[in-house]
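Atom set for the values below is all heavy atoms of this structure, side chains included, hydrogens, waters and symmetry mates excluded.
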Amino acid sequence: MINLEKLNKNQKAAVLETEGPVMVLAGAGSGKTRTLVTRISYLLAEKHVSPYRILALTFSNKAAREMRERVASEVNEDLGSLQITTFHAFCSRVLRQESQFLGLSKNFTIYDTSESKSVVKTLLGRRGISTKELSPFEILYFMDHLKNNGYYPGREVENFVPDKEDSFFEYYEEYESELHRANAVDFGGLITGVLQLFEKYPEVLKRYQERYQYILVDEYQDTNRAQFDLLKHLSEGNSNICVVGDEDQSIYSWRGADINNILDFEKTYPDAKILKLEQNYRSSKNIIEAASHVISRNSLRKGKEMWTQNPEGESIQIIECHNDKKEGEFIAQKILDLNRNENAEYRDIAVFYRTNSQSRLLEDYLRKSNIPYRVVGGVKFYERKEIKDLLAYLRIVVNEKDSLALSRIINVPTRGIGATSLRKLEAEAVKQATSLFEACENIVDNPTEYKHLRLSAKVKSSLNGLVTLVQEVRAFSSEGVAPSVLYEKLLHESGYWDHLKASKDYESMARLENLEELGNAISQFEETEQKPELLGFLETITLDQASEEDRELPQGEVALMTVHGAKGLEFSYVFLAGAEENVFPSYRSLEMGQQAEEEERRLFYVAMTRAMRKLYICFAQGRMLFGQLKFNGPSRFIHEIPNKYYEWIKDGHKTTGYSWQESESFDDGWDSQYDQDHQYEDGDVIYQVKSSAEPKIPQKFPKGSKVIHSLYGEGEVLESEGAGPEEKVVIKFLDGARKKFMVRFAPLVLSQ
């Protein structure tokens, strides 16, 4: 019997409404995970639904594991066939089961972002284009945009028409061909691949519709259009779909999330029941009511009235600092005070900031104060060079068509197969229409037929050793040898371990420790799997990296992180640094209009609602940004908090609020011009943007101008930044090439 008495009235309703489409609007700290877990347990124990018939989707492997564990603790039956998983893991499983329909083999490789970037760099290299001329990330962003919207070749997407005349579209088509030849897919391709499968093979879709009688989706506000279409297909069989989300916490549009999926749910499911979880169990009444006033300014929302029975709590502290150094000094000192005077543990304290670049100064002051801290979201374990090298060895064992993996390690450690030899081998593979590894096998097996390649004896010997090693490990793998044993064989017989050990420097020793930890990870994988296989391990760690929310949190340190990274977490004490105009909200959002500003407000709301007991919102009168001292003033979001919820503190004393006239004077040499270009971080994305002030001189080549370049010919200005000597333009020429120029140096004239 499932205990429903632990739920409030609205949570209970969300559990019991099992039939038909249901959308649960779950506010911050409203117990949505408890509700979802109880709903699944209720279906299993009370409705006697087979675990085989339930599919629950979320966005992180960590969240999926925790949800499964909680369900297991509530129901007394075998959950073996119950799928509580991520979108990417679910689609990967479907594609492996149905791979023959799309011309893939079951052992296809999943490329992460760095590997996708390598493919794009190869495509640029073939065209003789330097990555300085054209950033691979521009092309990757274009391709992600297509896939987030559910596009695959030949598909017509409602309200989204890709620009096939755009030169980047050619890169997309060539990139997809490269992946197909390598028997690989990328993260976005996992979703669009299943869409293609379901739409081209209705009989396959019908099988999955008949299997999954109940579909549940967590963090629904983070879904993109492709994921929405996937859910729509799966739920067409019986419409028993329950989505749980909060439009007020939709903060990932830069990653493809579409808030319209939650705003327009009833358009797709006209008979949907809308339920609201509005009681907050996390924060004090002051924090919740203040955050609710801020978010109520948004128009893109369904509307919830958050409330709590928690105590009123202390007032929010608005901390006005002289400059960014004083801000760092205040935060460090206040953390010490909380630890010493209020017995606050460091692990219960977090410092949030809008962009990663803000952490440096904060770290300086925490170090000076001997405060232990950890930056959450730093360099990830599986992104380290030595780890990616050994994973490439494992990948070529699993998938011989993965030429990207082989090109990475063919001369790592150094074995005499340099860039020239590699180019010869790659050219031969293209000539044979085979993968790079298959071409190497042919050369090793029939050396006399490849004398024209003029490979040295050293190269031939090294190729022979590498090919033999991979073939041996592959044979052992097919015989059921444990992945950890295969890993040890590759690590040592490839010479990688000895190469690092011979260096004896600190960095090499650290790399050896990381490789030992990779071995531990493989061993732990073996302990959790009934039939552990190398392919399964590689898939697990690759899909883990697809999730932004699988974070290693501090155990006894203060947590430093961006607000994007803080979503889903909670801390007793929260410091929000840099709450200023043009910082939070960001430059970029203020240039992009109302929808972008509303997303910034949602981000501010997320930051506020992470705090359980105390919230400190800090801003500086002056801050160094992009090499200049800027006077931005407090964030507009601060002014949206009613006075009764906060105390305004300046120089350690309460004041009535912010006054520019009261601010102390700064360096008279400050450059007040805002026409400088700069880089701006947003989440994990770095944008090149311009300041918000209007240029004082008219642009010579405004956006849309038709121009002639003496070398590249006719073109159209796609972007124009700055003015006068600082004017920069991006031009698309008739041959499809895009080029960026500093106008004062470029031979450009307006076309007549």
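When side chains are defined from C-beta on, S407 counts as touching L436, because their heavy atoms get closer than 4.5 Å. Considering only heavy atoms from C-beta on, I84 stays 4.5 Å or farther from L216 through its side chain. A heavy-atom distance below 4.5 Å is found between the side chains of E516 and W497. Put simply, the side chain of F228 reaches to within 4.5 Å of the side chain of T268, judged on heavy atoms. Proximity of I417 to L425: side-chain heavy atoms (C-beta onward) are separated by under 4.5 Å at one or more points. Using a 4.5 Å heavy-atom cutoff, the side chains of Q196 and R155 are not in contact. Side-chain atoms of Q83 and Y52, non-hydrogen and from C-beta on, never get closer than 4.5 Å to each other. You'll find the side chain of F537 stays beyond 4.5 Å of the side chain of Q524, heavy atoms only.
In K106, the NZ atom is crowded: over 12 heavy atoms of neighbouring residues, nucleotides or ligands sit closer than 6.0 Å. Atom CD of E170 has 12 or fewer heavy atoms from other residues, nucleotides or ligands within 6.0 Å. Enclosure of atom CD in E156 is not indicated, since only 12 or fewer non-hydrogen atoms of other residues, nucleotides or ligands lie within 6.0 angstrom. Under a cut-off of 6.0 angstrom, the local environment of CZ in R454 is sparse, with at most 12 non-hydrogen atoms contributed by other residues, nucleotides or ligands. For CD of E203, the number of neighbouring non-hydrogen atoms (other residues, nucleotides, ligands) closer than 6.0 Å is greater than 12. Surrounding CD of Q100 are more than 12 heavy atoms belonging to other residues, nucleotides or ligands, all under 6.0 Å away.
Looking at R511, its side chain never comes within 3.5 Å of a backbone N or O of R384 through a donor-acceptor pair. When atom types are taken as modelled, the side chain of S478 and the backbone of A475 share a donor-acceptor pair closer than 3.5 angstrom. Remark: side-chain polar atoms of S92 are not paired, donor with acceptor, to backbone N or O of H88 under 3.5 angstrom. Judged by distance alone, the side chain of D186 and the main-chain N or O of I110 form no donor-acceptor pair under 3.5 Å. Although no hydrogens or angles enter the test, the distance criterion places a donor-acceptor pair under 3.5 Å between the side chain of Y201 and the main chain of F101. Between the side chain of R126 and the backbone N or O of K121 there is no donor-acceptor pair closer than 3.5 Å. The main-chain N or O of K460 is never found under 3.5 Å from a side-chain atom of N464 such that the two would form a donor-acceptor pair. Between the side chain of R53 and the backbone N or O of Q213, no donor-acceptor pair lies under 3.5 Å. Under a 3.5 Å cut-off, the side chain of E428 and the backbone N or O of L453 do not form any donor-acceptor pair. Without hydrogens or angle criteria, R474 side chain to I396 main chain gives a donor-acceptor distance under 3.5 Å.
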Kindly determine whether K401 and T109 satisfy side chain to side chain contact (heavy atoms under 4.5 Å, CB included), including the steps that lead there.
CA-CA 9 Å; K401 295 185 181 297; T109 300; over 6 Å; no
Under the side chain to side chain contact (heavy atoms under 4.5 Å, CB included) criterion, do N411 and L422 qualify, and how do the steps go?
CA-CA 9 Å; N411 200 39; L422 177 58; over 6 Å; no
Going through the checks in order, is the side chain to side chain contact (heavy atoms under 4.5 Å, CB included) test met by V467 and F437?
CA-CA 8 Å; V467 167; F437 185 79; 4.2 Å; yes
Dump the intermediate steps for side chain to side chain contact (heavy atoms under 4.5 Å, CB included) on N238 and Y212, then the final yes or no.
CA-CA 9 Å; N238 51 48; Y212 298 117; over 6 Å; no
Given the rule in the side chain to side chain donor-acceptor pair (under 3.5 Å) test, do K732 and S167 qualify, once you have shown the distances and angles that lead to the verdict?
CA-CA 9 Å; K732 180 179 179 181; S167 59; 5.6 Å; no
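Side-chain contact, S484 with E526: a donor N or O sits under 3.5 Å from an acceptor N or O. With hydrogens and angles left out, the side-chain atoms of D166 and Y171 include no donor and acceptor closer than 3.5 Å. Between the side chains of H492 and E488, at least one donor-acceptor pair of N or O atoms lies under 3.5 Å. Between the side chains of H233 and Q209, not a single donor N or O lies within less than 3.5 Å of an accepting N or O. Under the 3.5 Å distance criterion, with hydrogens and angles disregarded, no donor-acceptor pair is assigned to the side chains of E517 and N514. Between the side chains of N261 and Q221, no donor N or O sits under 3.5 Å from an acceptor N or O. Judged by distance alone, the side chains of E438 and S435 do bring a donor and an acceptor atom under 3.5 Å apart.
Closest approach of R415 and K458 over heavy atoms only: O-CE, 3.5 Å. Summarising the geometry of V398 relative to N107, their closest heavy-atom pair is O-ND2, 2.6 Å, with the distance given to 0.1 Å. Smallest separation of non-hydrogen atoms from A182 and N399: O-ND2, 3.1 Å. A pairwise comparison of heavy atoms in A226 and K147 identifies CB-O, 3.3 Å as the closest pair. Closest of all the heavy-atom pairs between A89 and L543 is CA-CD1, 3.4 Å. Considering every non-hydrogen atom in both P162 and L146, the closest pair reads CB-CD2, 3.6 Å.
By the salt bridge (charged side-chain N to carboxylate O under 4.0 Å, His left out) test, D389 is found to be paired with K385, R408, residues two or more places apart in sequence or in another chain being considered.
Once rounded to the nearest 0.5 Å, the distance linking CG of D445 with SG of C440 reads 11.0 Å. Distance CZ/R127 to CG/L124: 7.5 Å, rounded to 0.5 Å. Between the CG atom of L394 and the CG atom of L535 there is a distance of 11.0 Å, given to the nearest 0.5 Å. The distance from atom NZ of K62 to atom CZ of R65, rounded to the nearest 0.5 Å, is 8.5 Å. In this structure, CD on E527 lies 12.5 Å from CD1 on I522, to the nearest 0.5 angstrom. Going from atom OG of S60 over to atom CD of E219 covers 8.5 Å, rounded to the nearest 0.5 Å.
Note: F168 and F142 have perpendicular aromatic rings, judged against thresholds of 30 and 60 degrees for the angle between ring planes. Ring pair F198/Y208 is tilted by interplanar angle, where 30° to 60° counts as tilted. Taking the six-membered ring for Trp and thresholds of 30 and 60 degrees, H145 and Y141 have nearly parallel ring planes, at less than 30 degrees apart.
A distance of 6.0 Å or more separates the ring centres of Y172 and Y175.
At a threshold of 4.0 Å, the pair E472-K489 counts as salt-bridged, since one of the basic side-chain nitrogens sits closer than that to a carboxylate oxygen. The residues R255 and D222 are annotated as not salt-bridged, no charged nitrogen and carboxylate oxygen being separated by less than 4.0 angstrom.
Judged by the 6.0 Å and 45° rule, R225 forms no cation-pi pair with F160.
In summary, of the residues considered (F90, F87, Y252, Y220), a ring-ring contact (aromatic ring centres under 6.0 Å, His included) with F59 occurs for F87 alone.
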